[in-house]
Amino acid sequence: MEEWKEFSAKTADEALTNALIQMETTSDQIEYEVMEEEKSGILGLFSKPARIRVRKKEDVTDVVRNFLEKTFNAMNLVVDITLDYDDIEGVINIELKGEEMGMLIGKRGQTLDSLQYLTSIVANKKKTEKYVKIKIDTENYRQRRKETIENLARNVASKVKKTGRTAFLEPMNPYERRIIHATLQGDKYVDTHSEGEEPHRKVVVTLNKEFSSELPRRNNYRRRNNYSRDHKRTYSEKRD
């Protein structure tokens with residue numbers, strides 16, 4: 001954390017201007033407190049200048065790194081942390097590497113999601129002018145999980161189209177539910193929506209009745225085949 005530096009001038013505004021010049025920074029990069037307001041005195045006598053103290057804001061990436069290092073030390077994990085701050089998008093991309101990354105990922109990525117959520121809180125605790133998004137990944141888990149969910153969505157949609165029955169998926173976080181919706185939005189034969197309250201909110205896949213008539217009559221075809229086989233067998237038995 002940066003040390004406080006004191007500045008004085010006729011007014012607090014002048015003191016702040018002097019501070020910015022001397023510290024070679026801008027107002028959005030510092031925080032300051034007025035220690036003493038200026039006093040004009042009587043007839044210009046006994047006047048006192050304003051006094052402020054100023055320090056540069058702590059770099060958000062340092063805050064994030066410090067939090068993660070303390071967390072991993074508490075878990076007795078050796079983790080290599082790589083930070084990439086995209087200032088334009090306002091995103092800190094964090095890549096974690098180590099020997100026990102499965103522990104950090106957790107079941108269906110729940111531990112990784114929790115770590116990402118807590119890191120986001122820490123990163124934005126004192127940074128008020130611009131919200132910083134946090135994205136944490138390890139061993140390309142996010143992409144692999146995305147592909148798994150996309151495949152799940154397509155398989156479930158196929159089953160719904162074959163059977164006509166509504167499918168209820170397991171509870172998912174908002175990000176994973178969006179993947180389901182996005183994957184199936186181009187399939188006119190099915191509709192998707194979410195039901196329930198967090199953290200048990202889930203995606204429901206239903207048959208689109210408007211276009212369901214265009215689907216192959218597989219069930220009817222199967223029943224006709226069964227009927228035909230049964231009929232032939234019965235006829236044969238009677239003949240015998």
Side-chain angles (χ1 to χ4, degrees), residues 1-5 7 16 19-33 52-153 171-183 198-199 201:
M1 179 69 71
E2 286 278 339
E3 295 292 332
W4 289 101
K5 296 180 180 180
F7 297 87
L16 179 58
L20 295 177
I21 293 173
Q22 293 185 39
M23 296 174 68
E24 298 181 341
T25 187
T26 55
S27 58
D28 62 322
Q29 299 297 319
I30 59 96
E31 55 185 347
Y32 74 97
E33 297 176 359
I52 66 172
R53 64 175 188 170
V54 183
R55 69 179 176 188
K56 288 185 178 180
K57 291 180 180 178
E58 190 170 7
D59 190 292
V60 65
T61 56
D62 293 338
V63 174
V64 167
R65 181 181 293 278
N66 185 54
F67 168 73
L68 291 174
E69 287 178 347
K70 288 183 177 180
T71 300
F72 298 145
N73 286 337
M75 298 172 68
N76 293 319
L77 291 177
V78 178
V79 182
D80 180 39
I81 306 170
T82 302
L83 301 177
D84 179 23
Y85 185 22
D86 185 339
D87 189 40
I88 297 177
E89 297 294 330
V91 179
I92 298 180
N93 294 295
I94 304 170
E95 178 68 26
L96 306 178
K97 294 182 180 180
E99 296 182 356
E100 300 179 75
M101 293 299 96
M103 181 184 298
L104 285 182
I105 294 174
K107 184 178 180 181
R108 299 191 183 94
Q110 292 178 352
T111 304
L112 197 63
D113 288 339
S114 297
L115 181 63
Q116 181 172 281
Y117 173 72
L118 292 174
T119 305
S120 178
I121 293 177
V122 171
N124 291 284
K125 187 174 182 180
K126 292 185 178 181
K127 192 175 179 66
T128 58
E129 67 274 3
K130 184 178 181 181
Y131 184 82
V132 177
K133 297 178 183 177
I134 300 294
K135 292 184 179 180
I136 299 181
D137 198 7
T138 180
E139 298 179 346
N140 201 33
Y141 173 78
R142 299 293 187 191
Q143 181 61 31
R144 291 188 287 110
R145 178 63 175 166
K146 179 176 181 290
E147 292 172 357
T148 297
I149 296 174
E150 289 172 341
N151 289 332
L152 172 65
M172 295 180 179
N173 60 45
Y175 170 73
E176 294 183 342
R177 293 198 303 270
R178 285 195 294 272
I179 295 176
I180 297 288
H181 295 311
T183 302
E198 301 290 1
R201 194 164 175 79

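Along the sequence shown, the residues carry numbers beginning at 1. Side-chain atoms are counted along with the backbone in the values below, which use heavy atoms only and exclude waters and symmetry mates. Keep in mind the model is a prediction, meaning the values are calculated, not measured.
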### Nearest-0.5 Å distance that lies between atom CD1 in Ile52 and atom CD1 in Ile30
7.5 Å

### Task
Start with the C-alpha gap between Asn93 and Asp137, add the side-chain angles, then the distance that decides, and say whether side chain to side chain contact (heavy atoms under 4.5 Å, CB included) holds.
CA-CA 8 Å; Asn93 294 295; Asp137 198 7; over 6 Å; no

### Task
Of all the heavy-atom pairs spanning Ala123 and Val60, show the shortest one and how long it is.
O-CG2, 3.6 Å

### Query
Would you say Asn124's side chain and Val132's backbone share a donor-acceptor pair under 3.5 angstrom?
yes

### Message
Nearest 0.5 Å, please: how far is CD1 in Ile180 from CG in Leu152?
### Response
5.0 Å

### Message
Could you measure the distance from the CG atom of Asp84 to the OG1 atom of Thr61? Nearest 0.5 Å is fine.
### Response
10.5 Å

### Task
Go through the steps for Met101 and Val79 under the test side chain to side chain contact (heavy atoms under 4.5 Å, CB included), then give the verdict.
CA-CA 8 Å; Met101 293 299 96; Val79 182; 3.9 Å; yes

### Query
If you round to the nearest 0.5 Å, how far is CG of Leu83 from CD of Glu95?
11.0 Å

### Summary
Here the pair of heavy atoms bringing Pro171 nearest to Pro199 is CB-O, 3.8 Å

### Message
For the backbone of Ile179 and the side chain of Thr183, can you confirm whether one donor and one acceptor N or O come within less than 3.5 Å of each other?
### Response
yes

#### Entry: Neighbour count >12 (heavy atoms, 6.0 Å) for atom OH, Tyr141
yes

### Task
Measure from the side-chain N and O atoms of Asn66 to the backbone N and O of Asp62, and report whether any donor-acceptor pair falls under 3.5 Å.
no

### Query
To the nearest 0.5 Å, what is the distance between CD1 (Ile134) and CZ (Phe67)?
10.0 Å

### Task
Taking all heavy atoms of Glu31 and all of Trp4, pick out the closest pair and write down the distance.
O-CZ3, 3.6 Å

### Task
Decide if atom CD of Glu99 counts as having more than 12 heavy atoms of other residues, nucleotides or ligands within a radius under 6.0 Å.
no

### Query
If we only count heavy atoms from C-beta on, is the Asn173 to Arg108 side-chain gap below 4.5 Å?
no

#### Entry: Contact check, side chains of Ile81 and Phe72, non-hydrogen atoms, under 4.5 Å
yes

## Note on the structure
Residues Tyr131 and Ser120: closest non-hydrogen pair is OH-OG, 3.0 Å

### Summary
When rounded to the nearest 0.5 Å, the distance separating CZ of Arg177 from CD1 of Ile149 is 11.0 Å

### Task
Would you indicate whether the side-chain heavy atoms of Tyr117 and Ile121 approach each other to under 4.5 Å?
yes

### Query
Would Glu89 and Lys133 satisfy salt bridge (Lys or Arg N to Asp or Glu O under 4.0 Å), going step by step from the backbone distance to the final call?
CA-CA 9 Å; Glu89 297 294 330; Lys133 297 178 183 177; over 6 Å; no

### Task
Check the pair Arg55 / Glu3 against salt bridge (Lys or Arg N to Asp or Glu O under 4.0 Å), numbers first and verdict last.
CA-CA 6 Å; Arg55 69 179 176 188; Glu3 295 292 332; over 6 Å; no

### Task
Please determine which of Leu104, Thr71, Leu96 meets the side-chain contact (heavy atoms from CB on, under 4.5 Å) test together with Leu77.
Leu104

### Message
Could you check whether any side-chain N or O of Gln116 sits under 3.5 Å from a backbone N or O of Ile136, counting only pairs where one atom can act as donor and the other as acceptor?
### Response
yes

### Main-chain N/O of Glu139 paired with Arg144 side-chain donor or acceptor, under 3.5 Å
yes

### Heavy-atom donor-acceptor pair, Asp80 side chain to Lys97 backbone, under 3.5 Å
no

### Query
Does atom CD of Glu24 have more than 12 heavy-atom neighbours, drawn from other residues, nucleotides or ligands, at distances under 6.0 Å?
no

